[in-house]
Amino acid sequence: MRMSKMFGRTLRDAPADAQTPGHQLMLRAGIARPLAAGLYTWLPLGFRVQKKVEQIIREEQDRIGAQEMEMPVLTPAEFWKETGRWDALEPITFRTKDHNGREYMVSYTHEELITHHGREEILSYRQLPVMVYHFQSKGRDEARPRAGLLRVREFVMKDAYSFDIDEAGLTTSYAAQHGAYVRTFQRMGLDAVSVESDTGAMGGDLAHEFQVLTDVGEDTIAVCETCDYKANMEKARRTMPAAAHADAPAATEIATPGVTSIEALETFLTKPASAFLKTLLLRAGGDVVAVVLPGDRAVNDAKLRKLLDVSQIVFAGDADFGRVGGVAGFIGPVGLKVRVIVDTSVERRGYVAGANKKDTHLENVLPGRDFPDTERADVHDVRTGDVCPIDGGTLALKRGVEVGNIFAFSTYYSEKMGATFLAEDGTRKPFVGGSYGIGVGRAVQTIIETSHDEKGIIWPFSVAPYEVHVVGLPMNDETVRSTADALVATLEDKGVEVLFDDRDESAGVKFADADLIGIPYRVTVSRRSLKEKSVELKGRASSEAELVPLDLAADRIHDIVRRAREAAAR
RNA sequence: CGGGGUGUGGCGCAGUUUGGUAGCGCGCUGGGUUCGGGACUCAGAGGUCGAGAGUUCAAGUCUCUCCACCCCGACCA
């Protein structure tokens, strides 16, 4: 490819609204361009990267026996109505109608559609197990797209689906996908770690996210500093210190005029936050519940939602306070007429808690004595410094980008959709399934986020848009031009992917663009190098260059490329 | 959805406080000189100042409404 003819240009300055390094470099190098919030066009350079990422995914899916197919983007409402997701997904999906008024959704994902195909194609256990996958655009009307390609409203996802006879089969399929994901991310140069994650409100217990740890990530992950334990915040646990079982004198009222927050109490009573009980009155579905935590702990919304099996939790209103006998600002668990969930980190010792009476708190409140603490649950956030539940090490919180996830949902969809097969014993059984996703565009930008320097992108060889970047200096020198032309032609004949900077630009501009675009190998054909009857060869990631005799150059470069390809395929 | 911010040639920005008819750098076009790390020089092109309404002799600047984009949070198989 000749740069003088390439559609798409590099930018000296990044647009002001690009914030992360990867977002800026992606735009500056001409990988993709924004069309609207959360909608991006791949330019030719970026398109090649996308296709290489897809090819790696494809090879690893094929390796574990998954079969590629393709389902449409536009999906009829009827299938979504079978599982109830037509309504559930309403706020975050794009919808349309055809000229007869029939309703469609721009596919948010494809579980319903593949389950439908599964029930039509698979009649017998003899056809199982089977895995399929496709690369297809997903539409998600995200409330907040962000950071370029990291969170967008339309993106290509590789989604795979497994169908098994039973849970044991699902476990095997799941493990195969987990292995494929490890290889896939490794091959594209992403240091992804698999993290335990929550399965959401639809049952099943097995799910992992593949997270790339980077400060630009929007997810928070608890990571043990000494063992392999990693979990996202919805799932992260900790080992509690041995509970202090201290007795306490009878609870007594203390006056706390106008002191309504834990922070204010800390100052007013000069005690640490852990000396207080935090009581939250919440509305979950149709019910009101109280959650009691130590004053220095935050409630984890997702853990609580899962515990209560609801999709949304909001703070209770004034009427709710009145009904349960609580007073806003001075609420406490003592005497509260409502279901009380006590977090596992609340100890059996004296605390200061709200007295459910204006301007008053209670001292020496003992859980279990002064209020029932029979319903215990882990609903708190872990934090940096907590103790790892596996090896007792120290947990740290890190930021990550979720580049993929795998999810064993079992019979969730097949039961709702009546997707069954005839089992060996002659009975009808629902498929036992899992789904496995990778966001292609997100992976591309995450590679840039984690593989660049101050000058530009450093593409891993396996996903680089081209393998070799040939720079002619200067192009108006007839010898330079003809030599570079011939070298490029020879390399292309050998099947090497070459980006040829044949523009009549200064050396500074060309080298700066080469560093920015980040092709793994740069070959400079110049007046200076030709005096030595050589060309100059330099790796993007290395600082020094070497001279290669002109007559050996094509073979030498071809050889390097061949070896790099072999390494990238492993 | 809540909070905050920004909209001025392709990109980065100044000008808005105090209303007077739009400017700088880069990029772009043409000529000349250069040619190994974002060259120099001469001559050019390019803007309904996000949109609409209003105030005024006069609006990029003041008022109102709307829109778009970005950030933080919430949400997120």
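Side-chain atoms are counted along with the backbone in the values below, which use heavy atoms only and exclude waters and symmetry mates. The chains referred to below are lettered A, B, ... by the order of the sequence lines, with proteins before strands, and numbering in each begins at 1.
- When heavy atoms are screened at a 4.0 angstrom cut-off, A/E536 is found touching base atoms of the nucleic acid.
- Across B/C71 and B/U29, the matching C1' atoms stand 38 Å from one another, rounded to whole Å.
- Taking the ring centroids of A/Y181 and A/Y436, they lie at or beyond the 6.0 Å cut-off.
- When the P atom is used for both B/G19 and B/C11, the distance is 31 Å, rounded to whole Å.
- In terms of phosphate contacts, A/R12 brings no side-chain nitrogen or oxygen within less than 4.0 Å of OP1 or OP2 of B/C11.
- Using N1 to N3 plus N6-O4 or O6-N4 for Watson-Crick, or N1-O2 and O6-N3 for G-U wobble, each under 3.5 Å, B/C40 pairs with B/G32.
- Using a 4.0 Å cut-off on heavy atoms, the residues of residues 19-30 of chain A that approach RNA chain B are A/Q19, A/R28, listed by number.
- Applying a 4.0 Å cut-off to non-hydrogen atoms, the residues of residues 104-113 of chain A that approach RNA chain B are A/Y108, A/E111, listed by residue number.
- The two residues A/A18 and A/L27 make their nearest non-hydrogen contact at CB-CD1, 3.7 Å.
- The salt bridge (charged side-chain N to carboxylate O under 4.0 Å, His left out) pairs that include a residue from residues 208-219 of chain A are A/R146-A/E218, A/R151-A/E218, where partners are two or more places apart or lie in different chains.
- Atom P of B/G4 sits at a distance of 16 Å from the matching atom of B/C64, rounded to the whole Å.
- Here the separation of B/G27 from B/C67, taken at their P atoms, is 39 Å to the nearest Å.
- Both distances falling under 3.5 Å, in either a Watson-Crick or a G-U wobble arrangement, place B/G54 opposite B/C62.
- Not a single donor-acceptor pair, N or O on each side, falls under 3.5 Å between the base of B/G4 and the side chain of A/R144.
- When heavy atoms are screened at a 4.0 angstrom cut-off, A/D513 is found touching base atoms of the nucleic acid.
- With sequence neighbours left out, A/H380 forms a ring-ring contact (aromatic ring centres under 6.0 Å, His included) with no residue at all.
- For the C1' atoms, the distance from B/U48 to B/G60 is 12 Å, rounded to whole Å.
- At the phosphate of B/C72, OP1 or OP2 sits under 4.0 Å from a side-chain N or O atom of A/R146.
- Listed by first then second residue, pairs satisfying salt bridge (charged side-chain N to carboxylate O under 4.0 Å, His left out) with a partner in residues 172-183 of chain A read A/E60-A/R183, not counting sequence neighbours.
- When both pairing distances are held under 3.5 Å, B/A22 makes no Watson-Crick or G-U pair with any nucleotide shown.
- On the C1' atoms, B/G12 is 29 Å away from B/G52, given to the nearest whole Å.
- When both distances must be under 3.5 Å, the Watson-Crick or G-U wobble mate of B/G47 does not exist.
- Contact of A/S526 with B/G36 (side chain to base): a donor-acceptor pair of N or O atoms is detected under 3.5 Å.
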Give me, pair by pair, the N or O atoms of the protein and of nucleotides 12-16 of chain B that are less than 3.5 Å apart, along with how far apart they are.
residue : atom : partner : partner atom : Å
B/G12   : OP1  : A/A16   : N            : 2.5

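- For B/U55 and B/G46, the P atoms lie 34 Å apart once the distance is rounded to whole Å.
- Considering A/E111, A/E78, A/E90 as possible partners of A/R85, the one that fulfils the salt bridge (charged side-chain N to carboxylate O under 4.0 Å, His left out) test is A/E111.
- A gap of 14 Å separates the C1' atoms of B/C49 and B/C13, to the nearest Å.
- Base pairing of B/A68: its partner is B/U6, meeting the Watson-Crick or G-U wobble criterion (both donor-acceptor distances under 3.5 Å).
- Proximity of A/R9 to the phosphate of B/G27: no side-chain N or O atom is located under 4.0 Å from OP1 or OP2.
- Using a 4.0 Å heavy-atom criterion, one finds that A/A88 contacts no nucleic acid atom at all.
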